[in-house]
Amino acid sequence: MAADLWTSAVSLAGVALGGGLTALAQRATQRSAERVEHRRQAVATTESRRAEQIEVLKEFVACTLAAERAAYSRPDPWGDDEDGWMTRTGPVMTALWTASGNVTLLCDEALREPVTTYGHALNAAVWRDIGGIEVNEHLEAAKTAFMDAARTSLAAPDPATRTRGRLQNP
(Lines give C-alpha, C1' and ligand atoms only; values in the text may rest on other atoms or scores of the structure.)
Protein backbone atom coordinates (compact mmCIF):
# COMPACT_ATOMS: atom_id res chain seq x y z
CA MET A 1 0.00 0.00 0.00
CA ALA A 2 2.88 2.32 0.75
CA ALA A 3 4.23 1.82 -2.76
CA ASP A 4 0.86 2.75 -4.24
CA LEU A 5 0.82 5.88 -2.09
CA TRP A 6 4.32 6.85 -3.20
CA THR A 7 3.44 6.22 -6.82
CA SER A 8 0.37 8.41 -6.53
CA ALA A 9 2.32 11.12 -4.72
CA VAL A 10 5.12 11.13 -7.31
CA SER A 11 2.57 11.13 -10.11
CA LEU A 12 0.73 14.03 -8.52
CA ALA A 13 4.00 15.90 -8.00
CA GLY A 14 4.89 15.31 -11.67
CA VAL A 15 1.52 16.65 -12.80
CA ALA A 16 1.90 19.69 -10.54
CA LEU A 17 5.46 20.33 -11.74
CA GLY A 18 4.46 19.90 -15.39
CA GLY A 19 1.47 22.22 -14.91
CA GLY A 20 3.66 24.81 -13.21
CA LEU A 21 6.28 24.68 -15.97
CA THR A 22 3.56 24.95 -18.62
CA ALA A 23 2.07 27.98 -16.83
CA LEU A 24 5.52 29.64 -16.63
CA ALA A 25 6.19 28.94 -20.31
CA GLN A 26 2.81 30.37 -21.30
CA ARG A 27 3.41 33.47 -19.17
CA ALA A 28 6.84 34.02 -20.70
CA THR A 29 5.40 33.59 -24.19
CA GLN A 30 2.57 36.01 -23.43
CA ARG A 31 4.96 38.64 -22.01
CA SER A 32 7.20 38.27 -25.05
CA ALA A 33 4.22 38.72 -27.38
CA GLU A 34 3.09 41.78 -25.40
CA ARG A 35 6.58 43.33 -25.68
CA VAL A 36 6.65 42.68 -29.42
CA GLU A 37 3.18 44.25 -29.79
CA HIS A 38 4.23 47.25 -27.69
CA ARG A 39 7.30 47.79 -29.89
CA ARG A 40 5.19 47.43 -33.03
CA GLN A 41 2.74 50.03 -31.76
CA ALA A 42 5.58 52.37 -30.78
CA VAL A 43 7.10 52.08 -34.25
CA ALA A 44 3.70 52.67 -35.88
CA THR A 45 3.11 55.73 -33.70
CA THR A 46 6.57 57.09 -34.50
CA GLU A 47 6.05 56.55 -38.24
CA SER A 48 2.64 58.22 -38.07
CA ARG A 49 4.05 61.18 -36.15
CA ARG A 50 6.91 61.53 -38.62
CA ALA A 51 4.49 61.49 -41.56
CA GLU A 52 2.41 64.16 -39.86
CA GLN A 53 5.52 66.28 -39.24
CA ILE A 54 6.60 65.94 -42.86
CA GLU A 55 3.13 67.00 -43.98
CA VAL A 56 3.11 70.18 -41.85
CA LEU A 57 6.64 71.03 -42.98
CA LYS A 58 5.58 70.62 -46.62
CA GLU A 59 2.57 72.85 -45.96
CA PHE A 60 4.82 75.48 -44.34
CA VAL A 61 7.24 75.40 -47.28
CA ALA A 62 4.33 75.79 -49.73
CA CYS A 63 3.08 78.79 -47.74
CA THR A 64 6.55 80.34 -47.68
CA LEU A 65 6.77 80.03 -51.45
CA ALA A 66 3.39 81.74 -51.83
CA ALA A 67 4.57 84.53 -49.50
CA GLU A 68 7.78 84.91 -51.53
CA ARG A 69 5.70 85.22 -54.72
CA ALA A 70 3.63 87.90 -53.01
CA ALA A 71 6.79 89.74 -51.95
CA TYR A 72 8.17 89.68 -55.50
CA SER A 73 4.85 90.73 -57.06
CA ARG A 74 4.13 93.64 -54.71
CA PRO A 75 3.32 96.79 -56.66
CA ASP A 76 5.77 99.64 -56.37
CA PRO A 77 5.14 102.38 -55.35
CA TRP A 78 2.99 101.21 -52.49
CA GLY A 79 -0.54 102.51 -52.58
CA ASP A 80 -4.11 101.32 -52.51
CA ASP A 81 -5.06 97.74 -53.29
CA GLU A 82 -3.64 97.89 -56.81
CA ASP A 83 -4.83 94.98 -58.94
CA GLY A 84 -6.12 93.25 -55.81
CA TRP A 85 -2.59 92.51 -54.54
CA MET A 86 -3.50 93.22 -50.90
CA THR A 87 -6.70 91.21 -51.18
CA ARG A 88 -4.72 88.20 -52.45
CA THR A 89 -1.80 88.65 -50.07
CA GLY A 90 -3.78 88.81 -46.81
CA PRO A 91 -4.92 85.16 -46.99
CA VAL A 92 -1.41 84.09 -48.08
CA MET A 93 0.10 85.61 -44.96
CA THR A 94 -2.66 84.16 -42.76
CA ALA A 95 -1.94 80.72 -44.21
CA LEU A 96 1.78 81.25 -43.56
CA TRP A 97 1.23 82.06 -39.89
CA THR A 98 -1.20 79.16 -39.50
CA ALA A 99 1.32 76.77 -41.05
CA SER A 100 4.01 78.25 -38.80
CA GLY A 101 1.88 77.47 -35.75
CA ASN A 102 1.32 73.90 -36.97
CA VAL A 103 5.07 73.36 -37.30
CA THR A 104 5.65 74.79 -33.83
CA LEU A 105 2.92 72.58 -32.39
CA LEU A 106 3.73 69.27 -34.11
CA CYS A 107 7.46 69.34 -34.78
CA ASP A 108 10.66 69.37 -32.78
CA GLU A 109 11.24 72.29 -30.40
CA ALA A 110 14.45 73.10 -32.30
CA LEU A 111 12.30 74.28 -35.25
CA ARG A 112 10.46 76.98 -33.30
CA GLU A 113 13.05 79.73 -33.65
CA PRO A 114 13.98 79.10 -37.32
CA VAL A 115 10.28 78.94 -38.32
CA THR A 116 9.49 82.16 -36.48
CA THR A 117 12.55 83.94 -37.84
CA TYR A 118 11.77 82.85 -41.40
CA GLY A 119 8.13 83.90 -40.98
CA HIS A 120 9.13 87.34 -39.72
CA ALA A 121 11.62 87.71 -42.58
CA LEU A 122 8.90 86.84 -45.09
CA ASN A 123 6.46 89.22 -43.43
CA ALA A 124 9.00 92.04 -43.66
CA ALA A 125 9.72 91.19 -47.30
CA VAL A 126 6.04 91.11 -48.25
CA TRP A 127 5.30 94.45 -46.61
CA ARG A 128 8.65 95.90 -47.78
CA ASP A 129 10.08 96.60 -44.34
CA ILE A 130 13.48 95.59 -45.66
CA GLY A 131 14.78 98.89 -46.99
CA GLY A 132 16.67 98.71 -50.25
CA ILE A 133 17.72 95.06 -49.84
CA GLU A 134 16.55 92.61 -52.47
CA VAL A 135 13.92 90.10 -51.30
CA ASN A 136 16.11 87.04 -51.95
CA GLU A 137 19.07 88.57 -50.08
CA HIS A 138 16.84 89.43 -47.13
CA LEU A 139 15.37 85.90 -46.95
CA GLU A 140 18.46 83.78 -47.67
CA ALA A 141 19.86 83.41 -44.12
CA ALA A 142 16.47 82.73 -42.49
CA LYS A 143 15.46 80.31 -45.25
CA THR A 144 18.74 78.39 -45.00
CA ALA A 145 18.52 78.22 -41.18
CA PHE A 146 14.96 76.85 -41.40
CA MET A 147 15.83 74.26 -44.06
CA ASP A 148 18.88 73.09 -42.11
CA ALA A 149 16.88 72.81 -38.86
CA ALA A 150 14.05 70.95 -40.64
CA ARG A 151 16.48 68.52 -42.24
CA THR A 152 18.19 67.90 -38.89
CA SER A 153 14.85 67.44 -37.15
CA LEU A 154 13.68 64.88 -39.68
CA ALA A 155 16.97 62.98 -39.61
CA ALA A 156 17.02 62.61 -35.81
CA PRO A 157 15.48 59.49 -34.31
CA ASP A 158 12.40 59.92 -32.14
CA PRO A 159 13.48 61.04 -28.62
CA ALA A 160 10.90 58.74 -27.00
CA THR A 161 12.38 55.73 -28.82
CA ARG A 162 15.93 56.68 -27.74
CA THR A 163 14.87 57.00 -24.11
CA ARG A 164 12.79 53.85 -24.16
CA GLY A 165 15.72 51.94 -25.66
CA ARG A 166 17.98 52.95 -22.79
CA LEU A 167 15.45 52.35 -20.04
CA GLN A 168 13.97 49.04 -21.11
CA ASN A 169 15.72 45.88 -22.08
CA PRO A 170 14.22 44.01 -25.04
Same cluster for Leu21 and Val15 if Ile/Leu/Val/Met/Phe/Trp/Tyr side chains link at under 4.5 Å?
no

Within a strict 4.5 Å, meaning less than it, do heavy atoms of the Val61 and Met147 side chains meet?
yes

Heavy-atom nearest pair, Leu111 first then Ala150, reads CD2-N, 3.3 Å

Could you check whether any side-chain heavy atom of Asn123 comes within less than 4.5 Å of a side-chain heavy atom of Met93, counting everything from C-beta outward?
yes

Keeping Thr22 on the side-chain end and Gly18 on the backbone end, is there a donor-acceptor pair under 3.5 Å?
yes

To the nearest 0.5 angstrom, please state how far the OG1 atom of Thr117 sits from the CG atom of Leu122.
11.0 Å

Would you compute the distance between atom CD of Glu134 and atom OH of Tyr72 and round it to the nearest 0.5 angstrom?
7.5 Å

Hydrophobic cluster identity match, Leu17 and Val10, side-chain contacts under 4.5 Å
no

Would you call Glu47 and Arg50 a salt bridge, using N to O less than 4.0 angstrom?
no

Ignoring hydrogens and angles, tell me if any N or O in the side chain of Ser100 forms a donor-acceptor pair with the backbone of Leu96 under 3.5 Å.
no

Hey, any chance Ile54 and Val103 share a hydrophobic cluster, counting ILVMFWY side chains that come within less than 4.5 Å of each other, even indirectly?
yes

Please answer whether the main-chain N or O of Thr7 pairs with a side-chain N or O of Ser11 as donor and acceptor at a distance below 3.5 Å.
no

Separation of Ser32 OG from Gln30 CD (nearest 0.5 Å):
10.5 Å

Trace of the salt bridge (Lys or Arg N to Asp or Glu O under 4.0 Å) decision for Glu37 with Arg40:
CA-CA 5 Å; Glu37 179 62 19; Arg40 188 196 64 73; 2.6 Å; yes

Using a 3.5 Å distance criterion without hydrogens, assess whether the side chain of Ser48 forms a donor-acceptor pair with backbone atoms of Ala44.
no

Atom pair NZ/NE2 of Lys143 and His138 - distance to nearest 0.5 Å:
12.5 Å

Within the structure provided, determine whether Arg49 and Leu106 are in side-chain contact (heavy-atom separation under 4.5 Å).
no

Please give me the minimum heavy-atom distance between Ala110 and Ala149, naming the atom from each residue.
O-CB, 4.4 Å

Side chain proximity check, Arg31 to Arg27, heavy atoms < 4.5 angstrom:
yes

One should read off an interatomic distance between Arg69 CZ and Thr89 OG1, to the nearest 0.5 angstrom, of 11.0 Å

Taking the side chain as C-beta and beyond, is there a heavy-atom pair between Leu154 and Leu57 under 4.5 Å?
yes

For a quick test of reading the model, state the closest non-hydrogen atom pair linking Ala71 to Val135 and the distance between them.
CB-CG1, 4.0 Å

Not counting sequence neighbours, which residues clear ring-ring contact (aromatic ring centres under 6.0 Å, His included) with Phe146? List them please.
Phe60, Tyr118

